[in-house]
Amino acid sequence: MSHTVLAINPGSTSTKVAVYDGEELRFEEEMRHSYEELKQFESILSQLEFRKSKILDRLNARDFDLNELDAVVGRGGLLRPLKGGTYEVSDQMVKDLQIGISGQHASNLGGLIAKELSDPLGKKAYIVDPVVVDELIPVSRISGHKDYERISIFHALNHKATARKVARELSTTYEESRFVIAHLGGGISVAAHMNGEAIDVNNALGGEGPFSPERSGTLPLSTFLESCFQEGMTKEMLKKQLIGEGGMVSYFGTNDMLEIEKRIEAQDEEAELIFKAMAYQVAKEIAAVSVHFKGDLDAIILTGGLAKSTRFTQQVSELVSWISKVIISPGEDELLALNEGTQRVLAKKEKAKAY
């Protein structure tokens, strides 16, 4: 029996939706949100109605009747640490997403929008492989100070979907593979995937790893500490420096990497330098987590929206190809992965996990 599912993926700079009939894609839509559009909102949660209305407008334009749906699935957000899998959106999950129990990110809106759309229909809402999937091994949790433990927050859904896709292409399984995967998007996460688990990864939201189009990544701590006590500085202002107004936005006032590449083509030396620095930091993070494999690595995988940039992937590949072969898997399989997880539950091949 085929089930009709609406999948919703709110990212830092876009909202993507798709309707599936079983495994077959009926249609997909992507709504891009510029920095100028989003800066009017004081918080991620305050974007909920804006993003939901955009989704409904696109569905209406497709003459799609919500009553056709058997379920709605949203991208998992910053919840309490969880094992991978498909989870039903519960009242407690809604509360934790609203308060940002583990932090604020656009993915928090996935489960909330799914719940608001499914409830009037009398259907269930789900999330799959949320960004807080935590499979770190003990040594990966140590930070360098006993009061601060490293945590796992990354693009788990796309990492795992891409890992399964590449594993199939290599005639093996994710559970038998050894990959370093770099998700390159509005945020950047680089993880060591060993035998079906992400055993080490930078906290792509909270200030670790490479800088990205709109995030600062790892900053010089002593300098950042001094800025925390500058007159007029607030906690929210500091958060924006880390997320939203960091990275390329801090240097050029835009998170549009196509614009940055156009500047490079126009002989903008500063744009070329910062672009090169971002590629360098990604490569450095890949090299760092590759130590887990002691030379026995199946592949380095570059994925996410920025992996569509030949200029960027070439720069990263040139720096890391000595470690292992590099496979480019551009874009994201997140909507497909959301649907697959939900279809397994609806077909009773897998039981939804309780939050």
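All residue numbers refer to positions in the sequence shown, counting from 1.
A 6.0 Å sphere centred on OH of Tyr280 holds no more than 12 heavy atoms belonging to other residues, nucleotides or ligands. Residue Gln40 places its CD atom among more than 12 non-hydrogen atoms of other residues, nucleotides or ligands, all under 6.0 Å distant.
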Take Ile199 and Glu135 through the side chain to side chain contact (heavy atoms under 4.5 Å, CB included) test and state the conclusion after the steps.
CA-CA 5 Å; Ile199 63 170; Glu135 296 160 345; 5.9 Å; no
Take Asp70 and Lys124 through the salt bridge (Lys or Arg N to Asp or Glu O under 4.0 Å) test and state the conclusion after the steps.
CA-CA 8 Å; Asp70 294 301; Lys124 290 185 177 180; over 6 Å; no
Go through the steps for Arg62 and Glu29 under the test salt bridge (Lys or Arg N to Asp or Glu O under 4.0 Å), then give the verdict.
CA-CA 10 Å; Arg62 289 273 189 172; Glu29 295 277 359; 2.8 Å; yes
Side chain to side chain donor-acceptor pair (under 3.5 Å) between Ser14 and His33, intermediate numbers included:
CA-CA 5 Å; Ser14 68; His33 311 307; over 6 Å; no
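For the salt bridge (charged side-chain N to carboxylate O under 4.0 Å, His left out) test, residues two or more places apart in sequence or in another chain that qualify with Glu116 are Lys52. Residues passing the side chain to side chain contact (heavy atoms under 4.5 Å, CB included) test with Thr13, sequence neighbours excluded: Arg32, Glu214, Asn255. Glu36 meets the salt bridge (charged side-chain N to carboxylate O under 4.0 Å, His left out) test with Lys39; sequence neighbours excluded. Scored by the side chain to side chain contact (heavy atoms under 4.5 Å, CB included) test, Arg141 finds Asp134, Leu136, Glu149 as partners (sequence neighbours excluded). For Arg168, there are no salt bridge (charged side-chain N to carboxylate O under 4.0 Å, His left out) partners two or more places apart in sequence or in a different chain. Listed by chain and number, the residues in a salt bridge (charged side-chain N to carboxylate O under 4.0 Å, His left out) with Arg26 are Asp21, Glu68 (sequence neighbours excluded). Residues satisfying the side chain to side chain contact (heavy atoms under 4.5 Å, CB included) criterion with Ser171, sequence neighbours excluded, are absent altogether.
Interatomic distance, Lys54 NZ to Gln47 CD, rounded to the nearest 0.5 Å: 12.0 Å. Distance check: Thr4 OG1 to Leu69 CG gives 7.0 Å after rounding to the nearest 0.5 Å.
Under a 4.0 Å N-O distance rule, the pair Glu28/Lys16 does not qualify as a salt bridge. By the 4.0 Å N-to-carboxylate-O rule, Asp119 lies close enough to Lys115 to be salt-bridged with it. Under a 4.0 Å N-O distance rule, the pair Asp129/Arg75 does not qualify as a salt bridge. Salt-bridge check for Arg263 with Glu270: failed, with every basic side-chain N at 4.0 Å or more from each acidic carboxylate O.
Among pairs with a residue in residues 148-168, those fulfilling ring pair (Phe, Tyr, Trp, His ring centres under 6.0 Å) read His145-Tyr148, Phe154-His159, His155-His183, His159-His193, at least two apart in sequence or across chains. Within the structure, ring pair (Phe, Tyr, Trp, His ring centres under 6.0 Å) pairs that include any residue of residues 93-137 do not occur (at least two apart or interchain). Contacts classified as ring pair (Phe, Tyr, Trp, His ring centres under 6.0 Å) and involving residues 294-315 (residues at least two apart or in different chains) are given here: Phe275-Phe312. Residue pairs meeting the ring pair (Phe, Tyr, Trp, His ring centres under 6.0 Å) criterion with at least one member in residues 198-235, sequence neighbours excluded, do not occur. Among residues at least two apart or in separate chains, there is no side-chain hydrogen bond (donor to acceptor under 3.5 Å, both in side chains) pair with a member in residues 238-248.
With Ser317 contributing its side chain and Gln314 its backbone, the two residues share no donor-acceptor pair below 3.5 Å. Thr15 contributes no side-chain N or O that, together with a main-chain N or O of Arg51, makes up a donor-acceptor pair within less than 3.5 Å. In this structure, Asp268 contributes its side chain and Ile260 its backbone to no donor-acceptor pair below 3.5 Å. Distance alone, capped at 3.5 Å, is enough to place a donor-acceptor pair between the Thr86 side chain and the Gly341 backbone.
In the model, Gln104 has no side-chain atom that pairs as donor or acceptor with a side-chain atom of Ser43 under 3.5 Å. Defined by atom type and a distance below 3.5 Å, a donor-acceptor pair is present between the side-chain atoms of Glu334 and Asn9. With no hydrogens or angles considered, a side-chain donor-acceptor pair links Thr173 and Glu176 at under 3.5 Å. A donor-acceptor pair shorter than 3.5 Å cannot be found between the side chains of Tyr174 and Asn195. Between the side chains of Asn158 and Thr303, at least one donor-acceptor pair of N or O atoms lies under 3.5 Å.
Counting heavy atoms from C-beta on, the side chains of Leu38 and Phe50 come closer than 4.5 Å.
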